[in-house]
Amino acid sequence: MNFRSNFIVALVLLLSGCAASMDLKSPSRDITVSFSVNECGVPQYQVMAYGQEVIGLSSMGLEAVETQLASGFMVKDVRRSKVNQEWVQPWGENKQMLDRHEEMAVVLENAEGVALTLKFRAFDDGIGYRYEYDASDVVADSLTITGDNTRFNFAQDGVSWSIASYFSGYELPYRELAVSAVENTNTPFTFRMGDVYGSIHEAALYDFPEMNLYRQDSLDFKSELAPRPDGTLARVGACFVTPWRTIQLAQSAVGLINSSLILNLNDPCAIEDVSWIRPQKYVGVWWGMHLGTQVWTMGPRHGATTENALRHIDFAAANNIGGVLFEGWNKGWENWGGSQHFNYCEAYEDFDLEKIASYAAEKGVSLWMHNETGGSIFEYERDMEKAFELYESLGIHYLKTGYAGGMPDGIRHHSQRGVQHYQKVVEKAAEHKIAIDAHEPIKETGIRRTWPNMMTREGARGMEWNAWSEGNSSEHLCVLPYTRLLSGPMDYTPGVFDIYYKTACATPGREEWNGDNSRTYIKTTLARQIANWVLLYSPLQMACDLIENYEGHPAFQFFRDFDPDCDWSEALAGEIGDYIVIARRAGDKFFLGAGTDSKARTLEISLDFLKPEVVYLATVYADDPDAPVVTQPDGTEAPDKTFYRIEKIKVTSSDTLTIEMAADGGQAVSFIPVE
Ligand code: NOJ
Ligand code: CA
């Protein structure tokens, strides 16, 4: 549209006071978002995808103490543009990216001259919109946001996968519910409606609270933002933009995984030199603490000792593993859950930090630091710079952070203050060339594009839950790729080989950490644990079991060969909660992971993703159909999950792979070109 037609649209709308709808179509024309203003001047939108209405007429708008941002608007101007641009990221599921979208910015104005712009973007994999506000000269220096009237009025009922709304954590079980049965939900909120698959989330969440959805009526959901302790939602300047509200759309479940909408709605990289931000595999002193065989504090069961550290560094160096994480290396763990005074600079007496750092450097292994804060963000903001200076001086580039505990003064993890904190850490870490793996994080919204040192995060029920709860089912693992993982990488910490970890159950003194675990175990087969290294994408990928369980284990060869520095990825087949198959390429090697729920499944997968005319040696790590039935620690009988088989075959891109998976099983394959 040119200036003249824009002007006419504006004029018509001004005269009529409302109505005429404006369409924005995706480049393929399969997705349309329509915008209009109702008779009260309330902005509204509607979404069609693949010939089906997905989101019916839904209102938009914000509420603020100082001004009216919800109604009384007329369209003043409409600006349209198109983008078709390739870009490259330093790491990610795919390095080569394409941002192809059409944009429509609708400038609204009310009688007081307050201008609010609604910016829409339509991509072939979904839509995004955000509020842009600039009233520096009209209203006040800053605004207090008290409501978000954004609605998602589903056009018809469907099935959905989500976790319940909660503003202080994401480690909740996933629910499969009719959309109409969801009272409230966090995002990504994934759904299937007829033939269309979709997922609602956000992109570029900065300096604003996160969005959850609460059902108002029937199929109509309203945005609820994580509140501040005083009940208001956000303090913003007189000039601000909200995060993008996103709706990924696809014609298949795996289409959601192959979408790059969230990253495309984020700004380009803000870090000039990204050469130090590298994907890597790691092991660590970690699982023992969750089992209870080791502890974070000083004493006879202290995990992070100098001797143990050197042993882990040797193991990493010998097994093509880039890094080693030590939890419980620093003073202050005695206070965890109490007064929370962690010391981020001083090591316990039995952990010789300098000696360990120089030994790691000598062996070419990255030493990872760990900063559990217990949620004490003020203390951490005060101390982190000094800590990062120390780590930088020791040549340390990787830091796992943690927020297992309440934040001070009633601050919720996902509120505006929480979001600000997580971002401060990312930016301060970047100044010291430190990459972050955040546990108990704020959700990923694609900021890794702008801040690639924000490499991975937890943000769902990860492996640790298998040590001290009913554990994570194979179905949970078939939901994660279509929900949590749509937002970005996850540090699930996969790879326990000692499925029934009998020794830990018998450990005296376990009661010190989460009580009795004599009935817990890993709820998948060993082959599935291997497949998870491919399926659960993280540029920093951990083999989380005790290293003695990998020593001499033939199936550990997969992790030795595995390269988390992907160039390309594609989800090949799957249904939400049922199964999933993903292939990735790193350099000239390919890796495939497949996983099923509690049903055994056989899949035929074409290998046409391999490079043509190259012969690959495929090493298949599969479930063993002859596994004997055993009684598991919880008393249930099942084929022994530790049984697996390894097969080597030569394949090319014209072959088809038959993937046989046991109940709760999976399969991993490495494809290495034959010289
Ligand atoms: C919870 C984290 O998810 C886990 O990985 C860590 O070991 C503990 N907190 C202690 O920091
Ligand atoms: Ca956690």
Side-chain angles (χ1 to χ4, degrees), residues 163 166 168-174 186 282-298 301-304 308 312 323-338 340-344 348 351 368-377 379-380 384 387 398-407 413-414 418 422 425 436-444 455-472 476 480 484 489-496 504 510 512-514 517 522 532 536 538 540-546:
I163 53 171
Y166 179 48
S168 300
Y170 306 102
E171 298 184 32
L172 300 170
Y174 278 87
N186 214 311
Y282 73 104
V283 287
V285 174
W286 179 79
W287 184 232
M289 272 87 95
H290 289 274
L291 296 178
T293 52
Q294 295 175 325
V295 290
W296 285 277
T297 46
M298 276 272 279
R301 281 190 291 146
H302 190 206
N308 210 12
H312 277 74
V324 183
L325 162 76
F326 300 106
E327 292 203 3
W329 70 274
N330 62 318
K331 290 182 181 171
W333 282 85
E334 304 71 23
N335 310 316
W336 186 26
Q340 317 258 53
H341 295 298
F342 284 96
N343 183 327
Y344 305 107
Y348 280 123
F351 189 86
W368 283 42
M369 289 282 92
H370 180 232
N371 289 172
E372 174 57 65
T373 68
S376 295
I377 56 171
E379 203 174 85
Y380 195 50
M384 67 182 174
Y398 298 91
L399 170 65
K400 173 175 172 179
T401 56
Y403 297 87
M407 289 187 174
H413 286 60
H414 310 165
Y422 290 109
V425 175
I436 301 290
D437 164 10
H439 278 233
E440 297 78 42
I442 185 65
K443 61 181 150 194
E444 166 66 316
M455 293 190 81
T456 190
R457 56 185 100 199
E458 191 188 33
R461 283 164 84 111
M463 178 63 86
E464 59 181 347
W465 285 79
N466 288 309
W468 34 255
S469 80
E470 71 283 5
N472 297 336
H476 173 77
L480 283 178
R484 161 66 186 81
M490 174 173 181
D491 189 36
Y492 182 90
T493 68
V496 172
R510 279 220 75 270
E512 280 181 28
W513 170 246
N514 275 335
N517 72 343
I522 305 296
N532 285 345
L536 305 175
S538 178
L540 303 174
Q541 193 58 286
M542 187 181 201
C544 80
D545 205 345
L546 308 175

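Atoms within each ligand, like the ligands themselves, are counted from 1 in listed order.
In this structure, the side chain of Trp336 engages the main chain of Ala404 through a donor-acceptor pair within 3.5 Å. Side-chain atoms of Asn343 do not come within 3.5 Å of backbone N or O of Lys331 as any donor-acceptor pair.
Less than 4.0 angstrom separates some heavy atom of Trp333 from each of these atoms of ligand 1: 10 (C), 11 (O). Each of the atoms 11 (O) of ligand 1 lies under 4.0 Å from some heavy atom of His370. Annotation for ligand 1: atoms under 4.0 Å from non-hydrogen atoms of Trp336 are 10 (C). Contact atoms of ligand 1 toward Glu464: 1 (C), 2 (C), 3 (O), 4 (C) (distance under 4.0 Å to a heavy atom of the residue).
Ring geometry for His413 versus Tyr422: interplanar angle of 30 to 60°, hence tilted. In this pair, Tyr492 and His476 present their aromatic rings tilted. The plane angle is within the 30 to 60° band.
Of the candidates Glu372, Glu440, Arg457, Glu372 brings a heavy atom nearest to atom 10 (C) of ligand 1. Evaluated by nearest non-hydrogen atom to atom 5 (O) of ligand 1, the leading choice among Lys400, Glu458, Glu327 is Lys400. Around atom 3 (O) of ligand 1, the closest heavy atom drawn from His439, Met463, Glu171 belongs to His439.
Each of Thr456, Asp491, Thr401 was compared with His439 under the side-chain hydrogen bond (donor to acceptor under 3.5 Å, both in side chains) criterion, and only Asp491 meets it. Each of Trp296, Trp329, Trp333, Tyr282 was compared with His370 under the ring-ring contact (aromatic ring centres under 6.0 Å, His included) criterion, and only Trp333 meets it.
The angle that Glu458 OE1 and Glu440 OE2 make at the Ca ion (ligand 2), rounded to 10°, works out to 80°.
Looking at Arg461 and Glu470, a side-chain N of the basic residue comes within less than 4.0 Å of a carboxylate O on the acidic one, giving a salt bridge.
Its N, O or S atom nearest to the Ca ion (ligand 2) is what matters here, and for Glu171 that atom is OE2. Minimum-distance N/O/S atom of Glu464 relative to the Ca ion (ligand 2): OE2.
Checked against the 6.0 Å centroid criterion, the rings of Trp286 and His312 do not qualify as a close aromatic pair.
Residue Trp286 has at least one nitrogen or oxygen atom sitting less than 3.5 Å from a nitrogen or oxygen atom of ligand 1, judged on distance alone.
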